[in-house]
Protein chains: 2
Amino acid sequence: MSKLFESSCLHCKKRSEIFEALSEEELERVDMCRVSMHYNAGEIIFKQGSPCYDFVCVTSGLVKLYIEGENDRRLIIGFAKPVDYIFVPGAYVDKRHHFSAVACEETTACLVEADIIQNMVRTNQNFANSFIRKISMQAIGLFEQIASLTHKQIPGRMADTLIYLSGKVYSSNPFSTNLTRQDLADLSGMTKESAIRVLKTFKEDDLIRIDGNLIEIINLQMLETISRNG
Amino acid sequence: MSKLFESSCLHCKKRSEIFEALSEEELERVDMCRVSMHYNAGEIIFKQGSPCYDFVCVTSGLVKLYIEGENDRRLIIGFAKPVDYIFVPGAYVDKRHHFSAVACEETTACLVEADIIQNMVRTNQNFANSFIRKISMQAIGLFEQIASLTHKQIPGRMADTLIYLSGKVYSSNPFSTNLTRQDLADLSGMTKESAIRVLKTFKEDDLIRIDGNLIEIINLQMLETISRNG
DNA sequence: CCTATGTGATGATATAAGTCAATCAAATGT
DNA sequence: ACATTTGATTGACTTATATCATCACATAGG
C-alpha cells in the first residue's frame, strides 16, 4: 500500500545484506522508486510465465517459490523471508518469471524496478559481487534439492525437508508453520497422502512431534541418518 | 599440456561469447595466465567437493557435469561444449566444487585462475552482465530439469533427454554420441535398465532409430507429446 | 589366445509410491 | 445454527520402477 508505514531504505539498510554494498545516494535512488506492498496469505506475488518488471524484497512474512509443472503438479524450490530479495533469473534472459511466488502468511514486500537494480549491478562492483554470490548460493541450494529429490526415497526426502525448514527457513526447533501437508509434499516431491504417511511413521518412531501448527524435531540425529541412507 | 598448440585468446575471441565483453588488454591478461589442457574420454576435470582454483573453458570435445549423490548415484545436470565456460557457483561461496566434470570424449580446455576472472567481473561491467546472464540461463535450465525429473515418469523424462541432446547439446538430428545407456539414465533420473527399456519401446513405436553411436529422432512431434503428458 | 571387463539387453520379481475413495475435523460463510 | 468448504487422515488397490540375475557381445590386456 502506502510507503508511509515502511521506514526508508536508509534506515532499513542494516537488515538487508545485499544492499549494504550501496551508497547512501544509491539507496535513496532505490527508495524513491520502490513500492511497498502487502499480501494476505495465499496471495500471488508473481506467477510463472508472467513478464517480470520488478525485483521483490520481502520485508516481513514468508513467501514460497515454486515451479508449476504440467498436471497441476508443483514443486517448491525455496522460500524468501525477511530480508531476502528474490532473485529472478529471467530478468537477465527473457524477462519472464520462471517460478511463482506466493505469500504463505501475511507478508509485506518492497518492489523495485528491475532496471534500477540491474543498473546498480552495472555501476557498483560490490553490489554486483553480492548479487552473484546470492545467485550462486541459490544454485547450490538447487543442486542439493535436485540430488535429494532424484536419489532418495520418501523418508529421506521428508527428512531433508524437515531439516531444511527447521534449520534454514524458520531457524528454530520447534517451529511454528502454516504450511499445509500439500506444501510439505510439494517441497519433497511426493503426494500429499505420502507426506501424511511418512510424517505418521516419524511420529510413531518418536523422531518428531506435531501439535497443530507446531513441528518439533525430537531426534535430529536419526533424521539425518534417514536422510543419508536415502 | 603446452599452450603452444592453442592460438592466443585474442584470436580465439570470436568463438567465445562471454569473452567478447573483454578489451584486448584484458584478453591478454587472461591469455597470460591460462593453461591449455588435454583430457581423454572419461578423465576427470574436477571433482565435486574439491577446492576450485580455476574456471574451465572447453575449447573442443564435450564435458558432462554431474552431481554425485549417496549410493553411487549420479545425476547429469548438463554439458559443456566448445566454447562454454563452466560456471562454478562455489567460486563465490565456499571455494568448493558442487558438481563434477568429466570429459565424454577427447577434450581440450583452458583453465584460467578464478581470481583473474572474478577480478574482471568486478572491473568490467559488460563482462559482469554476460556472466550473470550465463548463470541465469543455467538456473533456468535447472528449473526445467528439476520439473521434468520430479513431475514426469520414465517415458516423459527420456523424451526430454533425447530432445535436449538433439536440440541443445549436439544441435543436430541424427546425432552421434558416445554417451552410454548409463549416462542417458543419469540424465533422466532412472536406472540403466529402465533407460534401455524405454528406448526399446521408442524404437518399436518408430519414434527414434538407434544405430551404434547414432541416435535419430524420427517422430519429434510424438516425443514432444510424450514429454508434455509426463 | 584366453581371460577380464564394460556395456547392452531381457526376464522375473519385489516394492515403493501413486491413485481412488471414504471419513473426519475445523474453519468459514450465510 | 446449519451448510459448505478446506485440509488431514486412513485404507484398499494399482502400477510404475527398481532390483536381481543372467546372457550376449565387444574390446582391451596380458
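Per chain, numbering begins at 1; letters A, B, ... match sequence-line order. Please read all numbers here as calculations on a predicted model, not as lab measurements. All values below come from the heavy atoms of this structure, side chains included, with hydrogens, waters and symmetry mates left out.
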* Asked: Any side-chain donor paired with an acceptor under 3.5 Å for A/H98 and B/E144?
  ->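 No, because no side-chain N or O of A/H98 sits under 3.5 Å from a partner of the opposite role on B/E144.
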* Between A/S176 and A/N213: side-chain donor-acceptor atoms closer than 3.5 Å ->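 The criterion, which ignores hydrogens and geometry beyond distance, is not satisfied for A/N213 and A/S176.
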Between [atom2] of [N] and [atom1] of [X], the distance in whole Å:
{"X": "A/Q153", "N": "D/dT19", "atom1": "CD", "atom2": "C1'", "value": "12 Å"}
{"X": "B/I210", "N": "C/dA9", "atom1": "CD1", "atom2": "P", "value": "7 Å"}
{"X": "B/I154", "N": "D/dT19", "atom1": "CD1", "atom2": "C1'", "value": "13 Å"}
{"X": "B/K192", "N": "C/dT7", "atom1": "NZ", "atom2": "P", "value": "9 Å"}
{"X": "A/N213", "N": "D/dG7", "atom1": "CG", "atom2": "P", "value": "13 Å"}
{"X": "A/I196", "N": "D/dT10", "atom1": "CD1", "atom2": "P", "value": "8 Å"}
{"X": "A/H151", "N": "D/dT17", "atom1": "NE2", "atom2": "P", "value": "17 Å"}
{"X": "B/Q182", "N": "C/dG6", "atom1": "CD", "atom2": "C1'", "value": "11 Å"}

* How would you label the contact of A/R73 with the nucleic acid (heavy atoms, under 4.0 Å): base, sugar-phosphate, or nothing? ->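 If one applies the 4.0 Å heavy-atom cut-off, A/R73 turns out to touch nothing in the nucleic acid.
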* Evaluation steps, side-chain contact (heavy atoms from CB on, under 4.5 Å), between A/V63 and A/C104 -> CA-CA 5 Å; A/V63 175; A/C104 295; over 6 Å; no
Selection from [options] that lies nearest to any side-chain heavy atom of [X]:
{"X": "B/K200", "options": "C/dG8, D/dA18, C/dG11", "result": "C/dG11"}
{"X": "A/R181", "options": "D/dT9, C/dG18, D/dC20", "result": "D/dT9"}
{"X": "A/T180", "options": "D/dT19, D/dA8, C/dG8", "result": "D/dA8"}
{"X": "B/M190", "options": "D/dT10, C/dT10, D/dA18", "result": "D/dA18"}
{"X": "A/R197", "options": "D/dG11, D/dT19, C/dA17", "result": "D/dG11"}

* Got a sec: does the CD of A/Q221 have more than 12 other heavy atoms crowding it under 6.0 Å? ->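 No.
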* To do: Would you check, one step at a time, whether the test ring-ring contact (aromatic ring centres under 6.0 Å, His included) holds for B/F143 with A/F99?
  => CA-CA 8 Å; B/F143 290 152; A/F99 51 82; 5.4 Å; yes
* Asked: For the helix from C/dC1-D/dG30 to C/dT30-D/dA1, what is the angle between the axes at its two ends, each from 5 pairs, rounded to 10°?
  ->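 Result, rounded to 10 degrees: 40°.
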* Please determine which of A/K64, A/R181, A/K192, A/R74 meets the side chain to side chain donor-acceptor pair (under 3.5 Å) test together with A/D186. =>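 Exactly one option meets the side chain to side chain donor-acceptor pair (under 3.5 Å) with A/D186, and it is A/R74.
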* Kindly say if B/S194 contacts the phosphate of D/dT17, meaning a side-chain N or O under 4.0 Å from OP1 or OP2. =>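 For D/dT17, OP1/OP2 do not have a side-chain N/O of B/S194 under 4.0 Å.
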* Look at A/T191 and C/dG18 and indicate whether a side-chain polar atom (N or O) is within less than 4.0 Å of OP1 or OP2. =>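 Yes, within the criterion.
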* Do A/S136 side-chain atoms and B/V93 backbone N/O form a donor-acceptor pair below 3.5 Å? ->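 Looks like no, no N/O pair under 3.5 Å.
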